[in-house]
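Remember, it's 1-based here, ligands and their atoms both numbered in the order they're listed.
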Amino acid sequence: MIQENVDLTPYNTFGLSVKAEYFSTFSSVDELRKLLRENSDKKLLVLGGGSNMLLTSDVTGLVLKNNLTGIEVIEKDEKTVKVKVQGGEVWHDFVMYCIDRGFGGIENLSLIPGSVGAAPMQNIGAYGVEIKDVFEELEAYEIASGEVKTFDKAACAFGYRESVFKRSLKGKYIITSVTLNLTTEHKLNTSYGAISSRLSEMGVTDPTIKDVSDAVIYIRQTKLPDPAEIGNSGSFFKNPVVSREKFEALQAKFPDIANYPVDDAHVKIAAGWLIDNAGWKGKTLGNYGVHKNQALVLVNYGGASGQDIFQLSEDILKSIKEMYGIELEREVNVI
Ligand code: EPU
């Protein structure tokens, strides 16, 4: 059923109060098809968990919330398990479902806000793992034809917080399900410093997937604001990749600049460090600002507008460009 003038506050993790001209959920592909056929004249915005977008004004046209649910084990043996999950499931609930059943591979991606359908869109990643590492295929509804198509890993063209769905196919498909190759015999990734330190604090020497998930949850809870309490969208900017020469010149000026090597010619720089070192961390402008523990996260303390936060992001972009000669890119979708 289509509703009019719906407040989107509960549907975006920034907690921004904007209105959708028309709004509906869909719980099956048939329902989605019917809604799109009957409203083909309207502009369309599809929401997953609303955890990676900044709504800067009321939304004209039709806003659809993906409520496709269900988890299915497709194949399982003593080493691997293939699981198909519907796009409207909450990502973290799905991770917990897997941990409870001993399915490994996504424990490092615990507590990432958002929906399953949105996860491949930006190739979610944390603590040394990205969804592409366990990805088998996804199904997506093509808006123009009304057909559901299958995309394998190559067709998704995954990159750092990137996929074909953010680039050439932007706005053309709605991800309806995702199939992942998980493990029943696990290969843990505890290489990320904060995970190994937390595991030793926990007194764990031979970690299980549950231990790794607990460590990740602990790290995220101490560093990142909980969107249920303080509106935010996780990392607002991407970590920039620069040439090694550019990096070395910056390092000569800023010896403790946080970085991750990419390859011989490129270095990824921690945008959080750049923004922090430029003095933005914890900066509060009335009811919004830069988070006090992670400068990459912009926050809405309640009642801020998307325009306020957008302007703050513009000011940060300008300051980073002036200070380091680097143009940061936003990770969130500005709508
Ligand atoms: N740092 C600072 N000051 C800050 C924030 C970070 O100096 O205010 C330094 C840290 O000390 C560290 C480095 O920057 O040396 C990196 O920080 P962190 O480990 O927090 O990771 P990040 O690069 O800032 C990325 C992802 C996160 C992901 C973490 C862990 C991006 C844009 N962000 O953050 O993803 O959880 O690594 O893997 O790649 C997200 O995408 O929404 C997200 C939260």
Side-chain angles (χ1 to χ4, degrees), residues 12-14 48-54 91-92 95 106-115 118-133 158-163 166 189-198 212-213 215-227 230-242 247 250-251 254-262 267-284 289-299 313 316-317 319-320 323-324 326-333:
N12 75 98
T13 60
F14 254 123
S51 63
N52 200 42
M53 57 179 202
L54 180 72
W91 173 261
H92 179 67
V95 175
I106 50 174
E107 53 281 358
N108 294 42
L109 305 180
S110 297
L111 215 60
I112 294 187
S115 68
M121 201 63 89
Q122 57 149 346
N123 183 24
I124 56 165
Y127 310 106
V129 174
E130 291 179 328
I131 195 172
K132 80 163 168 41
D133 303 330
F158 291 123
Y160 166 56
R161 296 293 189 280
E162 279 298 343
S163 78
K166 273 180 88 173
N189 184 336
T190 57
S191 58
Y192 200 90
I195 295 192
S196 48
S197 342
R198 179 61 197 157
V212 175
S213 169
V216 167
I217 290 173
Y218 176 86
I219 300 162
R220 291 189 76 99
Q221 282 177 338
T222 46
K223 266 198 169 175
L224 297 167
D226 176 356
I230 302 176
N232 77 90
S233 217
S235 299
F236 197 91
F237 303 98
K238 296 210 277 187
N239 287 329
V241 175
V242 300
F247 169 70
L250 281 169
Q251 200 182 30
F254 307 101
D256 56 348
I257 187 168
N259 65 94
Y260 323 85
V262 175
V267 178
K268 191 185 268 185
I269 299 181
W273 187 93
L274 297 174
I275 300 169
D276 183 354
N277 186 62
W280 287 100
K281 183 144 104 181
K283 190 165 178 76
T284 303
V290 180
H291 191 243
K292 63 180 187 339
N293 298 334
Q294 186 16 314
L296 207 44
V297 179
L298 304 188
V299 288
S313 74
I316 293 174
L317 288 177
S319 135
I320 297 308
M323 189 154 177
Y324 313 99
I326 290 179
E327 289 191 28
L328 292 182
E329 242 184 276
R330 291 185 181 86
E331 190 196 281
V332 303
N333 296 308

Looking at G234, which atoms of ligand 1 are within less than 4.0 Å of one of its heavy atoms?
-> 42 (O)
For ligand 1, find out whether one of its N or O atoms is nearer than 3.5 Å to an N or O atom of Y160.
-> yes
Under 3.5 Å side-chain donor-acceptor pair for N108 and Y192 | no
Check whether any side-chain heavy atom of F236 lies under 4.5 Å from a side-chain heavy atom of I316, and answer yes or no.
-> no
What do you think, any protein heavy atom under 4.0 angstrom from atom 32 (C) of ligand 1?
-> yes
Under a 4.5 Å cut-off applied to non-hydrogen side-chain atoms, are N232 and H291 in contact?
-> no
Protein contact for atom 11 (O) of ligand 1 (heavy atom, distance under 4.0 Å) = no
Sub-4.0 Å atoms of ligand 1 with respect to non-hydrogen atoms of D276 = 2 (C), 3 (N), 4 (C), 7 (O), 8 (O)
Minimum heavy-atom distance E130-L109, with the two atoms named = C-CD1, 4.3 Å
Mind listing the closest non-hydrogen atom pair of V262 and K268 along with its distance?
-> CG2-N, 3.5 Å
Could you tell me which non-hydrogen atom of L274 sits nearest to which non-hydrogen atom of I320, and how far apart they are?
-> O-CD1, 3.7 Å
Going by heavy atoms, is R220 under 4.0 Å from ligand 1?
-> yes
Heavy atom of R161 under 4.0 Å from ligand 1?
-> yes
Considering the heavy atoms of L296, write down every atom of ligand 1 situated less than 4.0 Å from one of them.
-> 24 (O), 32 (C)
Does A295 approach ligand 1 within less than 4.0 angstrom via side chain, backbone, both or neither, non-hydrogen atoms only?
-> both
When only distance counts, is N293 in polar contact with ligand 1, meaning an N/O pair under 3.5 Å?
-> no
Looking at K281, which atoms of ligand 1 are within less than 4.0 Å of one of its heavy atoms?
-> 3 (N), 4 (C), 8 (O)
Atom 38 (O) of ligand 1 has as its nearest protein heavy atom Y127 N, 2.6 Å
Distance from atom 14 (O) of ligand 1 to nearest protein heavy atom, with residue and atom = A270 CB, 3.3 Å
Numbered in order shown, the ligand 1 atoms found under 4.0 Å of a heavy atom of K223 are 18 (P), 19 (O), 20 (O)
What is the nearest protein non-hydrogen atom to atom 15 (O) of ligand 1, stated with its residue, atom name and distance?
-> A258 CB, 3.5 Å
Shortest protein contact, atom 19 (O) of ligand 1 (heavy atom only) = Y192 OH, 2.5 Å
Mind checking whether V297 and V290 have side chains closer than 4.5 Å, heavy atoms only?
-> no
Any idea which protein heavy atom is nearest atom 25 (C) of ligand 1, and the distance to it?
-> N239 ND2, 4.1 Å
Taking only residues two or more places apart in sequence or in another chain, which ones pass salt bridge (Lys or Arg N to Asp or Glu O under 4.0 Å) with D276?
-> K281
What residues form a salt bridge (Lys or Arg N to Asp or Glu O under 4.0 Å) with E162, not counting sequence neighbours?
-> R167, K238
Decide whether an N or O pair under 3.5 Å exists between G128 and ligand 1.
-> no
Which of these, F237, W273, Y260, has its nearest heavy atom closest to atom 22 (P) of ligand 1?
-> Y260
Going by heavy-atom distance to atom 43 (C) of ligand 1, choose the closest among G114, S235, S233, G193.
-> S235
Classify the angle between the aromatic ring planes of Y324 and W273 as parallel (below 30°), tilted (30 to 60°) or perpendicular (above 60°).
-> tilted
L111 vs V216 side-chain heavy atoms within contact, under 4.5 Å = no
So, for G272 and Q294, which heavy atoms are closest and what is the spacing to 0.1 Å?
-> CA-OE1, 4.1 Å
Between N189 and G128 the two heavy atoms that sit nearest each other are ND2-O, 3.1 Å
The closest protein heavy-atom partner of atom 24 (O) of ligand 1 is Q294 NE2, 2.9 Å
Can you list the ligand 1 atoms lying under 4.0 Å from a non-hydrogen atom of E331?
-> 32 (C), 40 (C), 41 (O), 42 (O)
